[in-house]
Amino acid sequence: MHAASRQKLIGFATMFLSSSLMGGIGAFARYIEAPGIFISFCRNLAGLILMTLIFVAGHKYVKFKGFRMTPAIIFSGVFLGLLSGLYVMSTQMTTLANAAFLIYTGPIYSTILASIFLKEPFTKVTAFSLSSVFVGCLLIIGIINYASGEGLSVSLDLDPQYFAGNMVALASGVAYGLFLFISRYRTDVDSDLRAHTNFIFAVITLGILVIAIRPDLSGMTARGWIVLVIAAFVTGAAAFYFLTVASKILLAGELATISYQETIMATILGIVLFSEGITGMQMLGGALIIFGGLAQILFSTRKTRPAGIATAEDPLTEGLVAQR
């Protein structure tokens with residue numbers, strides 16, 4: 001296998017692992033008596049602690065010598081914090097289906113932005129794969145339903161009482177898309193270094209929100225704190241680290257198609273841990289996500305990146321596109 005194809009496979013495997021781990025936060029959260037914004041803060045704080053330990057143990061802080069801090073580095077961390085923080089806030093302000101649908105518009109935004117500003121190829125295969133996984137996502141989370149005698153229906157709730165929550169959920173989707181997009185800048189930066197800085201600025205961003213909101217933690221039990229620590233390191237530190245690594249290897253469209261794997265893992269955990277049922281439409285949705293992801297993987301590993309595709313150093317200091 002060609003070296004470029006092997007690298008792509010590593011990227012896809014890393015992104016698959018990341019999205020699978022992130023899909024577990026819903027299951028963990030059921031055992032945590034803390035508000036979602038505090039859980040999000042702890043997920044990123046766990047990542048910062050983990051990266052600090054890795055850097056200290058491996059004497060890796062030398063990597064910061066000569067490192068150029070630019071807006072793209074800062075904002076990728078800010079958007080990492082916002083995508084998780086705003087999403088969990090929205091789940092408490094609108095329906096779960098609305099919140100899930102609106103955050104998963106993010107990968108579509110990133111694919112479009114990368115195609116326009118980074119000149120990343122948006123092929124027919126990518127369009128097909130992304131359409132397949134997005135429709136699959138709508139089926140799994142229940143936005144698209146089918147009932148005998150009633151046919152297909154769309155259950156996106158636009159009730160005015162959910163307006164604020166829907167806007168927060170939409171903002172989380174925008175933050176998700178911008179994170180994936182901006183992560184495609186400064187791919188010259190070492191993955192460990194990029195993950196470390198991502199966690200630093202995510203913690204700062206969410207720390208400000210936590211101070212402003214002052215979440216009530218009086219109901220937290222000993223079990224809740226234990227589960228929170230485990231969830232923070234598994235669905236936060238590990239998941240976000242692998243996401244950073246994958247974003248260095250894969251194009252925005254490739255990242256997008258695999259990101260929807262998260263909904264499959266969340267559904268599986270619901271069935272295994274909470275005996276939740278699964279409908280035929282949800283099974284079809286999972287099949288579409290798997291099919292779309294596999295189609296993108298097969299295409300990407302067979303086709304090497306064309307020469308001359310531009311990668312950007314930093315959109316705010318170097319211009320939108322800079323040739324490496």
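Note that the structure is a prediction, hence the values are computed from the model and not measured. If you read the sequence from its start, that first residue is 1, and numbering goes on from there.
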Check: Are any of the side-chain heavy atoms of F134 and I289 separated by less than 4.5 Å?
Finding: no
Next item on the list: Grab the two heavy atoms, one from A237 and one from F199, that are nearest each other, plus how far apart they are.
Entry: O-CZ, 3.7 Å
Item checked: Closest contact, heavy atoms only, S129 versus T257 -> CB-CG2, 3.8 Å
Notebook entry, point to check: Is there a donor-acceptor contact under 3.5 Å linking the side chains of Q296 and T126?
Noted result: yes
Next item on the list: Report the residues that fulfil side-chain hydrogen bond (donor to acceptor under 3.5 Å, both in side chains) with N166, sequence neighbours left out, ordered by chain and then residue number.
Entry: T94, N98
Check: Judged by atom type as modelled, is there a donor-acceptor pair below 3.5 Å linking the side chain of S115 to the main-chain atoms of I112?
Finding: no
Notebook entry, point to check: Looking only at heavy atoms, which two atoms of I10 and T14 are closest? And how far apart?
Noted result: O-OG1, 2.7 Å
Item checked: M220 atom CE, neighbour heavy-atom count above 12 within 6.0 Å -> yes
Checklist line | Flag side-chain contact, heavy atom, 4.5 Å: R302 against S5 | finding: no
Note to self: Is there a path of hydrophobic side-chain contacts, each under 4.5 Å between heavy atoms, that joins V203 and V234?
What the structure shows: yes
Item checked: Minimum heavy-atom distance between C137 and Y104, given as atom pair plus value -> SG-CD1, 3.8 Å
Notebook entry, point to check: Counting distance only, does the side-chain N/O of T267 pair as donor-acceptor with the main-chain N or O of T263 below 3.5 Å?
Noted result: yes
Check: Is the Y109-F181 ring centre distance short of 6.0 angstrom?
Finding: no
Next item on the list: Any chance you could measure L180, atom CG, to L243, atom CG, to the nearest 0.5 Å?
Entry: 6.0 Å
Note to self: Minimum heavy-atom separation for L269 and G24, please, with both atom names.
What the structure shows: CD1-CA, 3.4 Å
Margin query: Could you go through V189 and F67, starting from their C-alpha distance and side-chain angles, then the distance that decides it, and tell me whether this counts as side chain to side chain contact (heavy atoms under 4.5 Å, CB included)?
Written below: CA-CA 9 Å; V189 178; F67 172 63; 3.9 Å; yes
Check: Between CG of L82 and CZ of F79, what distance do you get to the nearest 0.5 Å?
Finding: 7.0 Å
Check: Under 3.5 Å, side chain of S300 to main-chain N/O of I297, donor-acceptor pair present?
Finding: no
Next item on the list: Nearest 0.5 Å please: distance from the OG atom of S172 over to the CD1 atom of I103.
Entry: 4.0 Å
Note to self: Test your reading of the model: is there a side-chain donor-acceptor pair from S132 to the backbone of L288, 3.5 Å cut-off?
What the structure shows: yes
Next item on the list: May I ask you to decide if T187's main-chain N or O and K248's side chain share a donor-acceptor pair within less than 3.5 Å?
Entry: yes
Check: Restricting to pairs with a member in residues 235-254, which pass ring pair (Phe, Tyr, Trp, His ring centres under 6.0 Å), not counting sequence neighbours?
Finding: none
Note to self: Walk me through whether L209 and S40 qualify under side chain to side chain contact (heavy atoms under 4.5 Å, CB included).
What the structure shows: CA-CA 11 Å; L209 290 177; S40 295; over 6 Å; no
Note to self: Per the side chain to side chain donor-acceptor pair (under 3.5 Å) rule, what does the pair list look like for residues 197-210, sequence neighbours excluded?
What the structure shows: S76-N198, N198-T244
Notebook entry, point to check: Which residues satisfy the side-chain hydrogen bond (donor to acceptor under 3.5 Å, both in side chains) test with R30, sequence neighbours excluded?
Noted result: E276
Output a table of donor-acceptor pairs, distance under 3.5 Å, between side-chain atoms of residues 48-62 and any protein atom two or more places apart or on a different chain; print 'none' if there are none.
from, atom 1, to, atom 2, distance (Å)
T52, OG1, L48, O, 2.7
K60, NZ, D192, OD2, 2.8
Y61, OH, H196, NE2, 3.1

Note to self: Is there a path of hydrophobic side-chain contacts, each under 4.5 Å between heavy atoms, that joins I141 and I271?
What the structure shows: no
Note to self: Side chains of V133 and L130, heavy atoms from C-beta outward: is any pair under 4.5 Å?
What the structure shows: yes
Next item on the list: Supply the atom-to-atom distance L298 CG to F12 CZ, rounded to the nearest 0.5 angstrom.
Entry: 9.0 Å
Notebook entry, point to check: With hydrophobic residues grouped by side-chain heavy-atom distances under 4.5 Å, do I278 and L138 end up in a single group?
Noted result: no
Checklist line | Donor-acceptor contact below 3.5 Å, side chain S19 vs main chain Q261 | finding: no
Note to self: Can you confirm whether F16 is buried at CZ, in the sense that more than 12 heavy atoms of other residues, nucleotides or ligands lie under 6.0 Å from that atom?
What the structure shows: no
Checklist line | Polar side-chain atom of R43 near backbone of G81 as donor-acceptor pair, under 3.5 Å | finding: no
Notebook entry, point to check: Taking atom types as modelled and ignoring hydrogens, do the side chains of R186 and T70 form a donor-acceptor contact shorter than 3.5 angstrom?
Noted result: yes
Next item on the list: Side-chain contact test, heavy atoms from C-beta onward, threshold under 4.5 Å: evaluate it for Y185 versus L118 and give yes or no.
Entry: yes
Item checked: I32 vs R223, side chain to side chain contact (heavy atoms under 4.5 Å, CB included): CA-CA, chis, key distance, verdict -> CA-CA 8 Å; I32 303 172; R223 185 194 69 174; over 6 Å; no
Note to self: Using the rule given for side chain to side chain contact (heavy atoms under 4.5 Å, CB included), can you reason through L178 versus F75, listing the C-alpha separation, both sets of side-chain angles and the distance that settles it, and then say yes or no?
What the structure shows: CA-CA 9 Å; L178 289 175; F75 281 110; over 6 Å; no
Note to self: In the structure I gave you, are the side-chain heavy atoms of L102 and S90 within less than 4.5 Å of one another anywhere?
What the structure shows: no
Note to self: I'd like to know whether CZ of F163 has more than 12 heavy-atom contacts from other residues, nucleotides or ligands below 6.0 angstrom.
What the structure shows: no
Notebook entry, point to check: Can you find a pair of side-chain heavy atoms, one from I25 and one from I39, that are under 4.5 Å apart?
Noted result: yes
Next item on the list: Report whether F122 and F128 are members of the same hydrophobic cluster (ILVMFWY, side-chain heavy atoms less than 4.5 Å apart, transitive linking).
Entry: no
Notebook entry, point to check: For E254, what residues pass the salt bridge (Lys or Arg N to Asp or Glu O under 4.0 Å) criterion, not counting sequence neighbours?
Noted result: K8
Check: Looking at OG1 of T279 and CG of L139, how far apart are the two atoms once the value is rounded to the nearest 0.5 Å?
Finding: 8.5 Å
Next item on the list: To the nearest 0.5 angstrom, please state how far the CZ atom of R184 sits from the OG atom of S247.
Entry: 7.5 Å
Item checked: In one Ile/Leu/Val/Met/Phe/Trp/Tyr side-chain cluster, 4.5 Å: F274, I140 -> yes
Next item on the list: Could you tell me whether a side-chain N or O of N44 sits under 3.5 Å from a main-chain N or O of F41, the two making a donor and an acceptor?
Entry: no
Note to self: Treating T235 as the side-chain partner and A231 as the backbone partner, does any N or O pair qualify as donor plus acceptor under 3.5 Å?
What the structure shows: yes
Checklist line | Minimum heavy-atom distance P35-P215, with the two atoms named | finding: CG-CB, 3.6 Å
Check: So, E33 versus T221: side-chain donor-acceptor pair below 3.5 Å or not?
Finding: yes
Margin query: Using modelled atom types and a 3.5 Å cut-off, is there a donor and acceptor pairing between side-chain atoms of D159 and backbone atoms of Y162?
Written below: no
